[in-house]
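The block underneath contains the structure these notes are about, expressed in structure tokens.
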Amino acid sequence: MDELMIDEEKSVSDDIYDERLAVCMECPALQYGTTCQHSGEIVSYRALFKEKRCPYPGKPRW
């Protein structure tokens, strides 16, 4: 993600990003090792943004 220009005001800290991504990598809804089944988004991108939440039905994981 380093090569993307991300607005720091809209993105989470590196620690939070790493935590979110670790949760996603263990999630049963992860497809192809990259994509959330529920949102259809690439998890490494979705996990960057403060306004995003885990879309897991019933109980978001982060």
Residues which pass side-chain hydrogen bond (donor to acceptor under 3.5 Å, both in side chains) with Arg61, listed by chain and number, not counting sequence neighbours: Tyr56
Which atom pairs, one a donor and one an acceptor, fall under 3.5 Å between side chains of residues 19-37 and the rest of the protein, sequence neighbours left out?
from, atom 1, to, atom 2, distance (Å)
Arg20, NH1, Ala47, O, 3.2
Arg20, NH1, Phe49, O, 2.9

Flag, side chain of Lys50 to backbone of Glu9, donor-acceptor distance under 3.5 Å: yes
Sequence neighbours excluded - salt bridge (Lys or Arg N to Asp or Glu O under 4.0 Å) pairs with any residue from residues 28-42: Glu41-Arg46, Glu41-Lys52
Validation row: Ser44, Tyr17 side chains within 4.5 angstrom (heavy atoms): yes
